[in-house]
Protein chains: 2
Amino acid sequence: MSALPIKNKIRELRFFAEEMTQQELAELVGVTRQTIMAIEKSKYSPTLEVAFKIAEVFGQSIDEVFQYESS
Amino acid sequence: MSALPIKNKIRELRFFAEEMTQQELAELVGVTRQTIMAIEKSKYSPTLEVAFKIAEVFGQSIDEVFQYESS
DNA sequence: ACTTAAAGTTAAATATATTTTACATGAAGC
DNA sequence: GCTTCATGTAAAATATATTTAACTTTAAGT
């Protein structure tokens, strides 16, 4: 299908937030560690709800955490 | 499961944009009319990619189109 | 009254996101 | 060398998003 154009800064944000682990982030967001892994590595596009929760954890807006490059 | 807390302003934005129809928005975004309907009525949370595309059509940020109220 | 276009709804099928489980790797500390 | 912890990977199962198709309703125009 379409190459996924959405990049993210989750990894940087995690380390910036006292080296928060994927496991910790997963628990704060309410998903599994593998889901965080997949999103962090841009394996697929998360739901808007999960994206909002991730942004909320870091106190940032979605646009600051995820970068969409239109086609 | 969890009550979906994400509201949106798609309907207002459509009428504000020269009364753009659901069908037209669907074509611009690259999804079906039913998908736009479901998202507009908050039946479920769209993928981040679709959310970005909708925001892009209206020239707004995701946070302007979708309002997440943390639990 | 008739027609048309847009919105609304529903059900079944398909695609994709998420979970669960399990195992592998690399770095750090002892 | 051994253990522990975080990360990475993968396959199968489940949940959810999206499509397809069909039908209903409502409003507007003629």
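Each chain gets a letter, A, B and so on, in the order its sequence line appears, and its residues count up from 1. Worth saying up front: this structure is predicted, and the values here are computed from it rather than measured.
Within the 4.5 Å cutoff, the side chain of B/Ser42 has heavy atoms near those of the B/Asn8 side chain. You'll find the side chain of A/Leu48 reaches within 4.5 Å of the side chain of B/Ile62, heavy atoms only. A/Phe66 places a side-chain heavy atom less than 4.5 Å from the side chain of A/Ile39.
At least one donor-acceptor pair under 3.5 Å links the side chain of A/Gln67 to the backbone N or O of A/Glu64. Distance alone, capped at 3.5 Å, is enough to place a donor-acceptor pair between the B/Ser45 side chain and the A/Glu49 backbone.
For the pair B/Ile36 CD1 and C/dG8 C1', the computed distance is 15 Å after rounding to whole Å. Atom NZ of B/Lys53 and atom P of D/dA17 are 17 Å apart (whole Å). Summarising the geometry, the separation between NZ on B/Lys43 and C1' on C/dT10 is reported as 9 Å, rounded to the nearest angstrom. Across the protein-nucleic acid pair, A/Asn8 atom CG and C/dA17 atom P stand 14 Å apart, rounded to whole Å. In this entry the distance linking CZ of A/Arg33 with P of D/dC5 reads 13 Å, nearest Å. Look at CE on B/Met37: it is 19 Å from P on D/dA21, rounded to the nearest Å. Per the geometry, CD belonging to B/Glu40 stands 14 Å off P belonging to C/dA6, to the nearest Å.
Between B/Arg14 atom CZ and B/Ile36 atom CD1 the span is 8.5 Å, to the nearest 0.5 Å.
Nucleic acid contact class of A/Thr35 (heavy atoms, under 4.0 Å, all strands): base.
Distances from the side chain of A/Pro46 to the nucleotides C/dT18, C/dG8, D/dA17 place C/dT18 closest. Checking C/dG8, C/dA22, D/dT18 against the side-chain heavy atoms of B/Lys41 singles out C/dG8 as nearest. For A/Thr32, whose side chain is taken as the heavy atoms from C-beta onward, the closest listed nucleotide among C/dA17, D/dT19, C/dT19 is C/dT19. The side chain of B/Thr47 sits closest to D/dT18 out of C/dT9, D/dT9, D/dT18. For B/Gln34, taking side-chain heavy atoms from C-beta onward, the closest of the listed nucleotides D/dA10, C/dT18, D/dT19 is D/dT19.
At a cut-off of 3.5 angstrom, counting only N and O atoms as typed in the model, there is no donor on one side facing an acceptor on the other between the side-chain of B/Glu49 and the base of C/dT16.
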How far apart are the C-alpha atoms of B/Phe52 and B/Glu56, what are their side-chain angles, what is the distance that settles it, and do they pass the side-chain contact (heavy atoms from CB on, under 4.5 Å) test? CA-CA 6 Å; B/Phe52 262 121; B/Glu56 187 183 31; over 6 Å; no
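In the region residues 10-29 of chain B, proximity to DNA chain D at under 4.0 angstrom, judged on heavy atoms, holds for none of the residues.
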